[in-house]
Number of protein chains: 2
Amino acid sequence: MNEELTIGRLAKAAGVNVETIRYYQRRGLVDEPYKPLGGHRRYAPSAVSRVRFIKRAQQLGFTLEEVTGLLRLEDGQSCRETRLLAEHKLAVIEERIADLTRMRQMLKGLIAECAAGQRPRSCPIIATLSANSEVTDRRK
Amino acid sequence: MNEELTIGRLAKAAGVNVETIRYYQRRGLVDEPYKPLGGHRRYAPSAVSRVRFIKRAQQLGFTLEEVTGLLRLEDGQSCRETRLLAEHKLAVIEERIADLTRMRQMLKGLIAECAAGQRPRSCPIIATLSANSEVTDRRK
DNA sequence: CTTGATTCCGTACCATGGTACGGAGTGCAT
DNA sequence: ATGCACTCCGTACCATGGTACGGAATCAAG
(Lines give C-alpha, C1' and ligand atoms only; values in the text may rest on other atoms or scores of the structure.)
Protein backbone atom coordinates (compact mmCIF):
# COMPACT_ATOMS: atom_id res chain seq x y z
CA MET A 1 0.00 0.00 0.00
CA ASN A 2 1.16 3.44 -0.86
CA GLU A 3 0.52 6.30 1.53
CA GLU A 4 1.73 8.93 -0.86
CA LEU A 5 -0.63 11.65 -1.96
CA THR A 6 -1.41 13.49 -5.14
CA ILE A 7 -1.37 17.24 -4.89
CA GLY A 8 -5.15 17.29 -4.82
CA ARG A 9 -5.35 14.91 -1.87
CA LEU A 10 -2.62 16.77 -0.07
CA ALA A 11 -4.49 20.01 -0.51
CA LYS A 12 -7.71 18.50 0.74
CA ALA A 13 -6.01 16.87 3.70
CA ALA A 14 -4.37 20.15 4.67
CA GLY A 15 -7.48 22.21 4.04
CA VAL A 16 -6.07 24.45 1.34
CA ASN A 17 -6.37 24.80 -2.42
CA VAL A 18 -4.18 23.00 -4.87
CA GLU A 19 -2.98 26.39 -6.06
CA THR A 20 -1.89 27.22 -2.56
CA ILE A 21 0.31 24.12 -2.43
CA ARG A 22 1.89 25.17 -5.69
CA TYR A 23 2.35 28.65 -4.38
CA TYR A 24 4.07 27.35 -1.25
CA GLN A 25 6.33 25.29 -3.45
CA ARG A 26 7.28 28.33 -5.46
CA ARG A 27 8.04 30.13 -2.22
CA GLY A 28 10.13 27.22 -1.01
CA LEU A 29 7.88 26.48 1.95
CA VAL A 30 6.97 23.02 0.71
CA ASP A 31 9.30 20.66 -1.11
CA GLU A 32 8.42 19.75 -4.65
CA PRO A 33 8.78 15.97 -4.81
CA TYR A 34 10.36 14.12 -7.67
CA LYS A 35 8.22 13.84 -10.75
CA PRO A 36 8.55 10.59 -12.70
CA LEU A 37 9.02 11.24 -16.41
CA GLY A 38 5.60 11.79 -17.82
CA GLY A 39 3.86 11.25 -14.53
CA HIS A 40 2.49 13.10 -11.52
CA ARG A 41 4.27 14.10 -8.37
CA ARG A 42 3.61 12.17 -5.17
CA TYR A 43 3.71 13.79 -1.76
CA ALA A 44 4.77 12.11 1.45
CA PRO A 45 2.23 12.22 4.29
CA SER A 46 4.60 14.54 6.13
CA ALA A 47 3.74 17.24 3.60
CA VAL A 48 0.33 17.50 5.25
CA SER A 49 1.96 18.32 8.57
CA ARG A 50 4.16 20.81 6.83
CA VAL A 51 1.26 22.70 5.35
CA ARG A 52 -0.58 22.65 8.66
CA PHE A 53 2.51 24.01 10.36
CA ILE A 54 2.46 26.91 7.93
CA LYS A 55 -1.21 27.58 8.50
CA ARG A 56 -0.84 27.52 12.27
CA ALA A 57 2.07 29.91 12.14
CA GLN A 58 0.00 32.25 9.99
CA GLN A 59 -2.72 32.17 12.60
CA LEU A 60 -0.17 33.35 15.11
CA GLY A 61 0.51 36.31 12.86
CA PHE A 62 3.65 35.18 11.08
CA THR A 63 4.06 36.10 7.44
CA LEU A 64 5.13 33.43 4.96
CA GLU A 65 8.61 34.87 4.96
CA GLU A 66 8.78 34.50 8.71
CA VAL A 67 7.39 31.01 8.43
CA THR A 68 10.35 30.22 6.21
CA GLY A 69 12.53 31.17 9.13
CA LEU A 70 10.50 29.06 11.54
CA LEU A 71 10.75 26.06 9.25
CA ARG A 72 14.51 26.17 9.43
CA LEU A 73 14.11 25.68 13.18
CA GLU A 74 11.61 22.93 12.78
CA ASP A 75 13.77 20.34 14.47
CA GLY A 76 13.00 22.05 17.77
CA GLN A 77 16.66 22.28 18.73
CA SER A 78 16.96 26.06 18.41
CA CYS A 79 14.52 27.08 21.05
CA ARG A 80 16.27 30.33 21.82
CA GLU A 81 16.27 31.48 18.22
CA THR A 82 12.65 30.48 17.81
CA ARG A 83 11.76 32.40 20.91
CA LEU A 84 13.44 35.50 19.52
CA LEU A 85 11.30 35.31 16.41
CA ALA A 86 8.21 34.89 18.56
CA GLU A 87 9.17 37.80 20.78
CA HIS A 88 9.67 40.06 17.82
CA LYS A 89 6.33 39.05 16.40
CA LEU A 90 4.73 39.66 19.76
CA ALA A 91 6.12 43.18 19.83
CA VAL A 92 4.77 43.91 16.34
CA ILE A 93 1.36 42.56 17.29
CA GLU A 94 1.25 44.66 20.42
CA GLU A 95 2.04 47.71 18.39
CA ARG A 96 -0.78 46.92 16.00
CA ILE A 97 -3.11 46.46 18.93
CA ALA A 98 -2.07 49.84 20.28
CA ASP A 99 -2.73 51.48 16.89
CA LEU A 100 -6.13 49.89 16.60
CA THR A 101 -6.99 50.76 20.17
CA ARG A 102 -6.30 54.39 19.44
CA MET A 103 -8.55 54.24 16.39
CA ARG A 104 -11.23 52.62 18.46
CA GLN A 105 -11.08 55.33 21.08
CA MET A 106 -11.37 58.06 18.49
CA LEU A 107 -14.24 56.39 16.71
CA LYS A 108 -16.11 55.67 19.90
CA GLY A 109 -15.83 59.27 20.98
CA LEU A 110 -17.02 60.57 17.63
CA ILE A 111 -19.89 58.15 17.45
CA ALA A 112 -21.00 59.13 20.92
CA GLU A 113 -20.97 62.79 19.94
CA CYS A 114 -23.01 62.00 16.86
CA ALA A 115 -25.52 60.05 18.86
CA ALA A 116 -25.84 62.85 21.40
CA GLY A 117 -26.82 65.11 18.52
CA GLN A 118 -25.09 68.03 20.13
CA ARG A 119 -24.22 69.58 16.84
CA PRO A 120 -27.18 69.10 14.56
CA ARG A 121 -25.83 71.54 12.00
CA SER A 122 -22.63 69.68 11.32
CA CYS A 123 -21.79 66.05 11.94
CA PRO A 124 -18.95 65.83 14.51
CA ILE A 125 -17.21 63.11 12.54
CA ILE A 126 -17.16 65.16 9.38
CA ALA A 127 -16.17 68.22 11.36
CA THR A 128 -13.20 66.37 12.81
CA LEU A 129 -12.08 65.04 9.46
CA SER A 130 -12.40 68.51 7.97
CA ALA A 131 -10.59 70.23 10.80
CA ASN A 132 -7.83 72.53 9.77
CA SER A 133 -5.36 71.23 12.31
CA GLU A 134 -3.17 68.19 12.32
CA VAL A 135 -4.60 64.90 13.30
CA THR A 136 -3.19 64.48 16.75
CA ASP A 137 -5.27 63.32 19.64
CA ARG A 138 -7.28 66.44 20.12
CA ARG A 139 -10.19 64.31 21.20
CA LYS A 140 -10.18 61.25 23.37
CA MET B 1 -2.57 87.47 -6.11
CA ASN B 2 -3.31 83.92 -7.09
CA GLU B 3 -3.73 81.35 -4.34
CA GLU B 4 -3.91 78.43 -6.69
CA LEU B 5 -1.36 75.67 -6.36
CA THR B 6 0.63 73.48 -8.67
CA ILE B 7 0.42 69.79 -7.97
CA GLY B 8 3.83 69.89 -6.34
CA ARG B 9 2.84 72.63 -3.92
CA LEU B 10 -0.42 70.93 -3.17
CA ALA B 11 1.42 67.72 -2.39
CA LYS B 12 3.87 69.49 -0.12
CA ALA B 13 1.13 71.43 1.65
CA ALA B 14 -0.81 68.24 2.29
CA GLY B 15 2.24 66.23 3.24
CA VAL B 16 2.02 63.59 0.53
CA ASN B 17 3.83 62.78 -2.71
CA VAL B 18 2.86 64.18 -6.07
CA GLU B 19 2.20 60.64 -7.19
CA THR B 20 -0.23 60.21 -4.36
CA ILE B 21 -2.26 63.21 -5.54
CA ARG B 22 -2.38 61.70 -8.99
CA TYR B 23 -3.39 58.40 -7.54
CA TYR B 24 -6.22 60.02 -5.59
CA GLN B 25 -7.37 61.71 -8.77
CA ARG B 26 -7.45 58.41 -10.57
CA ARG B 27 -9.51 57.00 -7.71
CA GLY B 28 -11.84 59.96 -7.85
CA LEU B 29 -10.99 61.15 -4.34
CA VAL B 30 -9.60 64.46 -5.55
CA ASP B 31 -10.94 66.48 -8.47
CA GLU B 32 -8.68 66.99 -11.43
CA PRO B 33 -8.85 70.69 -12.22
CA TYR B 34 -9.10 72.09 -15.70
CA LYS B 35 -5.87 72.05 -17.63
CA PRO B 36 -5.30 75.01 -19.96
CA LEU B 37 -4.22 73.87 -23.40
CA GLY B 38 -0.53 73.31 -23.21
CA GLY B 39 -0.27 74.33 -19.57
CA HIS B 40 -0.30 72.90 -16.08
CA ARG B 41 -3.24 72.27 -13.83
CA ARG B 42 -3.93 74.59 -10.92
CA TYR B 43 -5.44 73.42 -7.67
CA ALA B 44 -7.68 75.45 -5.41
CA PRO B 45 -6.54 75.81 -1.79
CA SER B 46 -9.50 73.65 -0.78
CA ALA B 47 -7.72 70.70 -2.38
CA VAL B 48 -5.31 70.76 0.55
CA SER B 49 -8.16 70.29 3.00
CA ARG B 50 -9.49 67.55 0.84
CA VAL B 51 -6.26 65.58 0.93
CA ARG B 52 -5.94 66.11 4.67
CA PHE B 53 -9.48 64.87 5.13
CA ILE B 54 -8.48 61.70 3.32
CA LYS B 55 -5.37 61.24 5.41
CA ARG B 56 -7.24 61.76 8.65
CA ALA B 57 -9.88 59.25 7.67
CA GLN B 58 -7.15 56.74 6.86
CA GLN B 59 -5.70 57.25 10.30
CA LEU B 60 -9.06 56.29 11.72
CA GLY B 61 -8.83 53.05 9.80
CA PHE B 62 -10.97 53.82 6.77
CA THR B 63 -9.90 52.45 3.40
CA LEU B 64 -9.84 54.74 0.40
CA GLU B 65 -13.04 53.18 -0.83
CA GLU B 66 -14.69 54.03 2.45
CA VAL B 67 -13.24 57.51 2.31
CA THR B 68 -15.04 57.90 -1.00
CA GLY B 69 -18.24 57.26 0.88
CA LEU B 70 -17.33 59.72 3.61
CA LEU B 71 -16.59 62.39 1.06
CA ARG B 72 -20.11 62.15 -0.28
CA LEU B 73 -21.26 63.11 3.21
CA GLU B 74 -18.77 65.90 3.52
CA ASP B 75 -21.41 68.58 3.85
CA GLY B 76 -22.08 67.33 7.37
CA GLN B 77 -25.80 67.05 6.78
CA SER B 78 -25.98 63.26 6.86
CA CYS B 79 -24.84 62.66 10.39
CA ARG B 80 -26.80 59.47 10.80
CA GLU B 81 -25.36 57.90 7.67
CA THR B 82 -21.88 58.99 8.64
CA ARG B 83 -22.34 57.50 12.05
CA LEU B 84 -23.36 54.18 10.51
CA LEU B 85 -20.15 54.08 8.52
CA ALA B 86 -18.19 54.85 11.65
CA GLU B 87 -20.01 52.21 13.64
CA HIS B 88 -19.32 49.59 11.03
CA LYS B 89 -15.67 50.53 10.97
CA LEU B 90 -15.57 50.38 14.74
CA ALA B 91 -16.95 46.86 14.67
CA VAL B 92 -14.32 45.76 12.16
CA ILE B 93 -11.57 47.30 14.23
CA GLU B 94 -12.78 45.61 17.37
CA GLU B 95 -12.75 42.31 15.58
CA ARG B 96 -9.20 42.89 14.48
CA ILE B 97 -8.24 43.77 18.01
CA ALA B 98 -9.83 40.56 19.23
CA ASP B 99 -7.89 38.53 16.65
CA LEU B 100 -4.63 40.16 17.56
CA THR B 101 -5.31 39.77 21.25
CA ARG B 102 -5.75 36.05 20.77
CA MET B 103 -2.46 35.90 18.89
CA ARG B 104 -0.80 37.82 21.66
CA GLN B 105 -2.10 35.45 24.31
CA MET B 106 -0.85 32.45 22.40
CA LEU B 107 2.53 33.92 21.74
CA LYS B 108 2.97 35.08 25.31
CA GLY B 109 2.16 31.64 26.59
CA LEU B 110 4.54 29.95 24.20
CA ILE B 111 7.34 32.38 24.91
CA ALA B 112 6.90 31.87 28.62
CA GLU B 113 7.12 28.12 28.14
CA CYS B 114 10.28 28.53 26.10
CA ALA B 115 11.82 30.76 28.71
CA ALA B 116 10.98 28.31 31.45
CA GLY B 117 12.88 25.68 29.52
CA GLN B 118 10.48 23.02 30.64
CA ARG B 119 10.85 21.06 27.47
CA PRO B 120 14.54 21.15 26.65
CA ARG B 121 14.22 18.41 24.08
CA SER B 122 11.79 20.22 21.83
CA CYS B 123 10.94 23.89 21.62
CA PRO B 124 7.33 24.41 22.79
CA ILE B 125 6.65 26.83 19.96
CA ILE B 126 7.78 24.39 17.33
CA ALA B 127 5.95 21.59 19.09
CA THR B 128 2.73 23.58 19.00
CA LEU B 129 3.10 24.45 15.34
CA SER B 130 3.82 20.82 14.55
CA ALA B 131 0.90 19.49 16.56
CA ASN B 132 -1.26 16.98 14.81
CA SER B 133 -4.57 18.66 15.56
CA GLU B 134 -6.83 20.46 13.17
CA VAL B 135 -6.42 24.00 12.07
CA THR B 136 -9.45 26.09 12.83
CA ASP B 137 -9.33 28.94 10.43
CA ARG B 138 -11.01 32.00 11.84
CA ARG B 139 -9.94 34.26 9.03
CA LYS B 140 -12.50 35.35 6.51
C1' DC C 1 -10.34 1.50 -24.29
C1' DT C 2 -12.70 5.33 -23.48
C1' DT C 3 -14.03 9.06 -20.74
C1' DG C 4 -14.02 12.28 -17.12
C1' DA C 5 -11.19 14.00 -13.43
C1' DT C 6 -6.61 15.42 -12.11
C1' DT C 7 -2.23 17.21 -12.78
C1' DC C 8 1.23 20.10 -14.87
C1' DC C 9 3.14 24.51 -15.91
C1' DG C 10 3.48 29.14 -17.11
C1' DT C 11 1.35 33.14 -16.82
C1' DA C 12 -1.94 36.61 -15.64
C1' DC C 13 -4.83 38.59 -12.29
C1' DC C 14 -7.10 40.08 -7.56
C1' DA C 15 -7.01 43.86 -3.67
C1' DT C 16 -4.58 47.75 -1.29
C1' DG C 17 -2.12 52.05 -1.39
C1' DG C 18 0.74 53.78 -3.34
C1' DT C 19 5.98 54.44 -5.82
C1' DA C 20 8.99 54.62 -9.88
C1' DC C 21 10.19 55.58 -14.65
C1' DG C 22 10.78 57.99 -18.85
C1' DG C 23 10.21 61.14 -22.53
C1' DA C 24 8.17 65.33 -23.81
C1' DG C 25 6.23 69.67 -22.79
C1' DT C 26 6.14 74.02 -19.62
C1' DG C 27 7.21 77.62 -16.19
C1' DC C 28 10.11 80.52 -13.94
C1' DA C 29 14.28 82.73 -12.60
C1' DT C 30 18.51 84.58 -14.02
C1' DA D 1 17.00 83.33 -23.86
C1' DT D 2 18.73 79.63 -21.56
C1' DG D 3 18.60 76.11 -18.45
C1' DC D 4 16.90 73.63 -14.58
C1' DA D 5 12.88 72.34 -12.13
C1' DC D 6 8.54 71.04 -12.50
C1' DT D 7 4.45 68.90 -14.79
C1' DC D 8 2.06 65.60 -17.69
C1' DC D 9 0.72 61.02 -18.84
C1' DG D 10 0.78 56.24 -19.42
C1' DT D 11 2.57 52.43 -17.78
C1' DA D 12 5.01 49.29 -14.92
C1' DC D 13 6.26 47.85 -10.47
C1' DC D 14 6.36 47.03 -5.07
C1' DA D 15 4.60 43.69 -1.17
C1' DT D 16 1.32 40.05 0.45
C1' DG D 17 -1.06 35.76 -0.12
C1' DG D 18 -2.94 33.75 -2.83
C1' DT D 19 -6.71 32.68 -7.15
C1' DA D 20 -7.80 31.92 -12.06
C1' DC D 21 -7.00 30.30 -16.73
C1' DG D 22 -5.97 27.21 -20.37
C1' DG D 23 -4.07 23.63 -23.18
C1' DA D 24 -1.80 19.33 -22.94
C1' DA D 25 -0.63 15.20 -20.58
C1' DT D 26 -1.80 11.62 -17.51
C1' DC D 27 -4.45 8.83 -14.19
C1' DA D 28 -8.22 5.97 -12.70
C1' DA D 29 -12.74 3.96 -13.11
C1' DG D 30 -15.92 1.53 -15.80
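Just so it is clear, the model here is predicted, and its values are computed rather than measured. To find a chain, count down the sequence lines: A is the first, B the second, and so on, and within it residues start at 1.
- Atom pair I7(B):CD1 and dC9(D):P shows a separation of 9 Å (rounding to whole Å applied).
- When all heavy atoms of A11(B) and V18(B) are compared, the closest pair comes out as CB-N, 3.7 Å.
- Across all their heavy atoms, V16(A) and K55(A) have their closest contact at CG1-CE, 3.5 Å.
- When heavy atoms are screened at a 4.0 angstrom cut-off, R22(A) is found touching base atoms of the nucleic acid.
- Minimum atom distance to the side chain of E65(A) is reached by dT16(D), of the listed dC9(C), dG18(C), dT16(D).
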Inset, instruction - Using a 4.0 Å cut-off on protein heavy atoms (strictly under), produce a 5'-to-3' string for nucleotides 20-30 of chain C with B for base contact, S for backbone-only sugar-phosphate contact, and - for none. - result: BB---BSSS--
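- Considering all non-hydrogen atoms of both residues, G69(B) and L85(B) come closest at C-CD1, 4.3 Å.
- Checked against side chain to side chain contact (heavy atoms under 4.5 Å, CB included), R96(B) has the following partners two or more places apart in sequence or in another chain: L100(A), V92(B), I93(B).
- Shown here are the side chain to side chain donor-acceptor pair (under 3.5 Å) partners of R50(B), two or more places apart in sequence or in another chain: E74(B).
- The T6(B) side chain lies nearest to dT7(D) when the options are dT7(D), dT19(D), dG17(C).
- In this structure, E32(A) places its CD atom where more than 12 heavy-atom neighbours from other residues, nucleotides or ligands lie under 6.0 Å away.
- Side chain of Y23(A), nearest nucleotide from dG17(C), dG17(D), dC8(C): dG17(D).
- Comparing dG17(D), dC9(D), dC9(C) against the side chain of Q58(A) picks out dG17(D) as the nearest.
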